[in-house]
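To keep things clear, I will list the structure first and then write my remarks on it.
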Amino acid sequence: MRRQYPFHLIEPKWQQFWEEQQSFRAFNPGEVLPAEHPFSKRHGLAGKKVSAADLPPKFYVLDMFPYPSGAGLHVGHPEGYTATDILARYKRAAGLHVLHPMGWDAFGLPAEQYAIKTGQHPRQTTEANIANFTKQIKSLGFSYDWSREVDTTDPKYFRWTQWIFLKLYNSWFNPETNKAEPIETLKYPEDLQLPEEKVGRGVLTAPRPESEEHPGTANASPRRAETATPYQLQAARRAYRDSKRLAFSSEAPVNWCPELGTVLANEEVIDGKSEVGGFPVVRRPMRQWMLRITAYAEKLLADLDTIDWSDSLKEMQRNWIGKSEGAVVEFEVEHSAGDAIIEVFTTRPDTLFGATYLVIAPEHWAVEAVTFNEQRPAVEAYKKFAAGKSDLERTELAKEKTGVFTGAHAINPVNGERIPIWIADYVLASYGTGAIMAVPAHDERDFEFAKKFGLFIRVVVWPEYKWIVENAPLDLKDQRYIEHFESRYINHPGDFQKSFAGEGTAFNFEVDGVQFHGLPTAEAKAKITTWLEAKGLGKKTINYKLRDWLFSRQRYWGEPFPIVWKKDANGDAYHEALPESALPLLPPALDDYKPTPDGQPPLARAQDWVNLPDGSVRETNTMPQWAGSCWYYLRYLDAGNDGAFVSSEAERYWMGKGVEGLKSLTVEKSASSTIQPFNFSTTPGVDLYVGGTEHAVLHLLYARFWHKVLFDLGHVSTPEPFFKLVNQGLILGEDGQKMSKSRGNVVNPDDILVEYGADAFRLYEMFMGPLEMVKPWNTKGVEGVYRFLGRVWRLFVDENSETEFEQAQTATEAQRHRELLKLIKLGPAIIDASPTPAQLKTLHTTIKKVTEDLDHLRFNTAISAMMIFVNDAMTWETKPVSVLREFLILLQPFAPHLAEELWSKVQGLKSKVEGTDTKSTLDLAYQPWPKFDPALLVEDTLEIPVQVNGKLRDRIVVAATATPAELEAAALACEKVQPFLAGKTIKKVIVVPAKLVNIVAV
RNA sequence: GCCGGUGUGGCGAAAUGGCAGACGCACGGGACUUAAAAUCCCGGGACCGUAAAAAGUCGUGCGGGUUCGAGUCCCGCCACCGGCACCA
């Protein structure tokens, strides 16, 4: 396609200008504002040392920073970046103080794998990739404040990542205050107290042992120390503390991916395979660092209600956290004389009467104890069978239930019934108590299992008749009497097609003489729970699916843990944190980045580094990639600070008003899924965060968790990091398929830039459709917006001068072409004249539409509004410069280079109409956003549709001031309407003023 | 299976319960040109009509409903996309 306008000269010119002027620098409280900076001029702060109160309201608009891969930028990246940039430029023009930063999430696997292959240090690869990404991103003209650039692999950055880890390590979650506190505030249980601690204290509420609080994840239950020597007491005290830290070491089974040579977090395992690469993952016990995110499960869940994220995203987080309310119930093992109690978790305590067997996970602690000798071989074999299954086999492939009887029985506490105890791998050791009461009549899994193994099924919840009839066995289908269905259901529920797992009414049971029959499920639940609690047989309990976060990786290219291991006098290993003064802890130089032959992490190769003079050894695991991205948005606020991860002054200014501000906000709810407008001046935290859905439960959950810990410890002032979050939709290839190298449908932004320029690229990315929708790429569509930009160009420039410019280029060497842009003159129709009412109407319609659309992130319709403006303005015989100037301000966020170039041309034509104002000397980026005048939009006459019985029959042209009566009269007088009224009586006439008339005739 | 989202021309899409298809792409016709490209102008949901029009009928995944009026609200389905999934 022929070049529409010299974007190849214009775009580098203005990118250079912005960089040299530092046009998009944001300023922190305490800074002296440069006198010449357009921000200072716009807000009258030139040369002033500003406090937070002097500065205009902030607007923090954030992109999810990229991993700088070797493949370079993808068309998906700039979609979100363009949206945020348009917002940033719009809000800047609107007078806000915009923070719009960019950085690099640069630790990661590809650079490490390249290092393993070639021996090249990952830093080198990373730096080269960052350089490439920087160049690509800068070529798109985004208004980032590059002075705040962060790189997670920079020691100046990861020093603070390690620092935050130390905060986690040195804190515990106090259930009484419901927040994280320094570990020093943790009180020891009485039997671990030193004599001086006991003095003058009443009874302490000892925190519950780990195994109850976080079943399945804990391993370090403190030892009792009744007979402890001082030395043993000290060790026990240390173990107790360590078991409470937010960062703790654990020996639990983890997701080991042999192919990647590392462990993975639960969130990184999809269908039993690694999220990266799709390699098999197996469960394997290993010592690992964990972060106690489970302590924050309730806060992470509850605070979702205070932030403005899409419903689907919130739902994903809710599902991941997986709260369920129910009860823990104790079942005594028969003949154990109360010594062996198996606790089960159930969300349906009302079905306790229907519990006809117990199932415990193969890994459950009680398996050993309860198994009868004659069953032992079978049980051992089954345990082996279950342990040998990979996660994939245990979930996807396991359609058939499997399990083995232990030989033991338990006593159902509500009715004293003897019920068999089975082990089966459909019960997960890691959830609840690792054991369930099976209620086959009212749980689909238990139903399948009971049918397979011939276990008893008893109905205790009565469904609606409809359910009974629909799910009845086929041999009943010709029965006419409901009694047949009922009696069959009562006597042989196993014949039915499935179990009834819904809510109904309690059926045919009583407990301790208390009748339950007929109670709705909710009431039955509450009543039985109260009874259990009174009897000491169980209690109300809340469970979460969320597991603690496995935080270590066996990698080189990650943050080393600031941890050393020591041995006590007994030879037992324990860990200690390095002091803050030891940070940053740099990884050692290696010449081989592979794990050691005996399977230790790569860092173990650097024995000089690992072994310290005092005999202690360094931790050789490193942190996962998520660590750096958990807090980067905070580092941007004060990126150069060497004394703190962020100064509290900068944090308070940029992150907003804190808890009070948050409480006073009501998140707008609406029936539709469209993005809501937001109140930008008071939102706490990041005002707008845009990124892909792939981070819905990983990055976004982890970052919220860290932020809440930092909040509890007083390091940040808001409980949530990201107030408003929008997911941009995926961009598909031209074939409507996901872009991938193997499909060969990947679009490279660089190619588009060469052909059409950055402005067209930006515009097309936004014109494709709503930001959050999935949409296919279409290069032809780029041509459409490119033509639009060409029309904007021709709206302004003089044709003859352009010809002169083009001829001059052929006679000049390429490097000097940019200078020739000055040959381009404004068209003769552009004059300093008063606009006509029609012109003003066109302009103000556009201002209104663009402004409102930007407030709702509707970029596509804003662009179409500007297209309509240009299509109209092209027909004007005279083009008042005041109108065109305002249009350029509207265009600037979308196509900043072209707008700047044309702005520089219209500057030569000072507008008398506007008067000589200082504003016109400001850079385009800081020109005040135009306001529309509703008075200019008023129409004199309106064309009103006339309907008969809801069908359009004619249109009438009436004065805008026409009264309803006049409208009705005019409508009834329509000729075209008459045939449809013939032979009918007019029942009524609906008149919607200025909208339509509908004649109802029968 | 559960949760969330989306279904509108040949395509991307637009429409506070009030004229369905704005804007753009592709396409067709015309102007300019020696010609092509670019540009400018015009056309366009389907059907039925007609020399061409006009008029008319149908039309927003499917089936119902509410309403003077439904792409939009309610009920019941279907399809596709995304997430979760032996979580008791």
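Numbers restart at 1 for each chain; the letters A, B, ... are given by sequence-line order, proteins then strands. Below, each value reflects all heavy atoms present in this structure, side chains not excepted, and no hydrogens, waters or symmetry copies.
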Quiz item: Which atom names give the shortest non-hydrogen contact between A:L550 and A:A265, and what distance separates them?
Solution: O-CB, 4.0 Å

Self-check item: Residue mapping more 5' on RNA chain B - nearest nucleotide basis, A:P770 or A:W320
Solution: A:P770

Quiz item: Out of curiosity, A:D872 CG to A:K841 NZ, how far, rounded to the nearest 0.5 Å?
Solution: 10.0 Å

Exercise. Could you give the distance separating B:A38 and B:C48 at their C1' atoms, to the nearest angstrom?
Key: 41 Å

Quiz prompt | For A:Y382, all residues meeting side chain to side chain donor-acceptor pair (under 3.5 Å), sequence neighbours excluded | solution = A:T402, A:D425

Quiz item: Quick one: salt bridge (charged side-chain N to carboxylate O under 4.0 Å, His left out) pairs with a partner in residues 774-790 of chain A, sequence neighbours left out?
Solution: A:E79-A:K775, A:K780-A:E783

Quiz item: In whole Å, what separates the P atom of B:G64 from that of B:C11?
Solution: 26 Å

Quiz item: Taking the same atom, C1', in B:G29 and in B:U34, what whole-Å distance lies between them?
Solution: 22 Å

Practice problem: Identify whether the distance between the nearest side-chain nitrogen and carboxylate oxygen of A:K452 and A:E400 falls below 4.0 Å. | Solution: yes

Quiz item: Rounded to the nearest Å, what distance is computed from the CD1 atom of residue A:I360 to the C1' atom of nucleotide B:A88?
Solution: 15 Å

Quiz item: How far, in whole Å, is B:G5 from B:A53 if one measures between their P atoms?
Solution: 45 Å

Self-check item: Atom-to-atom span, CE of A:M766 to P of B:A13 - whole angstrom
Solution: 14 Å

Exercise. Enter syn or anti for the glycosidic conformation of B:G9, syn applying to angles within 90° of 0.
Key: syn

Quiz item: Counting just side-chain N and O atoms, does A:S324 come under 4.0 Å of either OP1 or OP2 of B:A88?
Solution: yes

Self-check item: Qualifying salt bridge (charged side-chain N to carboxylate O under 4.0 Å, His left out) pairs with a residue from residues 858-871 of chain A, counting only residues at least two apart or across chains
Solution: A:D853-A:R858

Practice problem: Return the set of residues passing side-chain contact (heavy atoms from CB on, under 4.5 Å) with A:E877 (not counting sequence neighbours), or none when no residue passes. | Solution: none

Quiz item: A:Q728 has an atom CD; how far is it from atom C1' of B:G82, in whole Å?
Solution: 14 Å

Taking only nitrogen or oxygen atoms into account, show me every contact under 3.5 Å that the protein makes with nucleotides 67-71 of chain B, one pair per line with its distance.
unit_1, atom_1, unit_2, atom_2, d
B:C68, O2', A:N998, ND2, 3.3
B:C68, O2, A:N998, ND2, 2.6

Quiz prompt | Whole angstrom value for the distance that separates C1' of B:U16 from CG of A:L996 | solution = 14 Å

Exercise. Assign a letter to each nucleotide of nucleotides 22-40 of chain B from its 5' end: B, base within under 4.0 Å of a protein heavy atom; S, sugar-phosphate only; -, no contact.
Key: BBSSS-----------SSS

Quiz prompt | Salt bridge flag under 4.0 Å for residues A:K540 and A:E325 | solution = no

Practice problem: Could you measure between the two C1' atoms, the one in B:A20 and the one in B:G71, and give it in whole Å? | Solution: 8 Å

Quiz item: With Watson-Crick and G-U wobble geometry limited to distances under 3.5 Å, how should the secondary structure of RNA chain B be encoded in dot-bracket form, using | for bases paired to another strand and [ ] for crossing pairs?
Solution: (((((((..(((.....[....))).(((((.......))))).(((........)))..(((((..]....))))))))))))....

Quiz prompt | A:W793 ring center within less than 6.0 Å of A:Y786 ring center | solution = no

Quiz item: Pairs in or reaching into residues 726-736 of chain A: which pass side-chain hydrogen bond (donor to acceptor under 3.5 Å, both in side chains), with residues at least two apart or in two chains?
Solution: A:E734-A:T779, A:D735-A:N745

Quiz item: What interatomic distance, in whole Å, is found between P of B:U8 and the corresponding atom of B:G49?
Solution: 29 Å

Quiz item: CH2 of A:W309 versus C1' of B:G4: gap in Å, rounded?
Solution: 16 Å

Self-check item: Contact nearer the 5' end of RNA chain B, comparing A:E315 with A:I436
Solution: A:E315

Quiz prompt | Contacts of A:K976 that satisfy side-chain contact (heavy atoms from CB on, under 4.5 Å) - sequence neighbours left out | solution = A:D954

Self-check item: B:G28 versus B:G44 - spacing of their C1' atoms, nearest Å
Solution: 9 Å

Quiz item: Expressed in whole Å, how much space separates the C1' atoms belonging to B:G7 and B:U72?
Solution: 14 Å

Quiz item: For A:F345 and A:T433, which heavy atoms make the closest approach, and how far apart are they?
Solution: N-OG1, 3.6 Å

List, one per line, each side-chain donor-acceptor pair under 3.5 Å for residues 991-1002 of chain A, sequence neighbours excluded.
unit_1, atom_1, unit_2, atom_2, d
A:N998, OD1, A:N949, N, 3.4
A:N998, OD1, A:G950, N, 3.0

Quiz item: Considering residues at least two apart in sequence or located in another chain, which fulfil the salt bridge (Lys or Arg N to Asp or Glu O under 4.0 Å) criterion with A:K545?
Solution: none

Return the polar atom pairs (N/O with N/O) between nucleotides 55-58 of chain B and the protein under 3.5 Å, or none.
unit_1, atom_1, unit_2, atom_2, d
B:U57, OP2, A:R953, NH1, 3.3

Practice problem: May I ask you to decide if A:R743's main-chain N or O and A:S740's side chain share a donor-acceptor pair within less than 3.5 Å? | Solution: yes

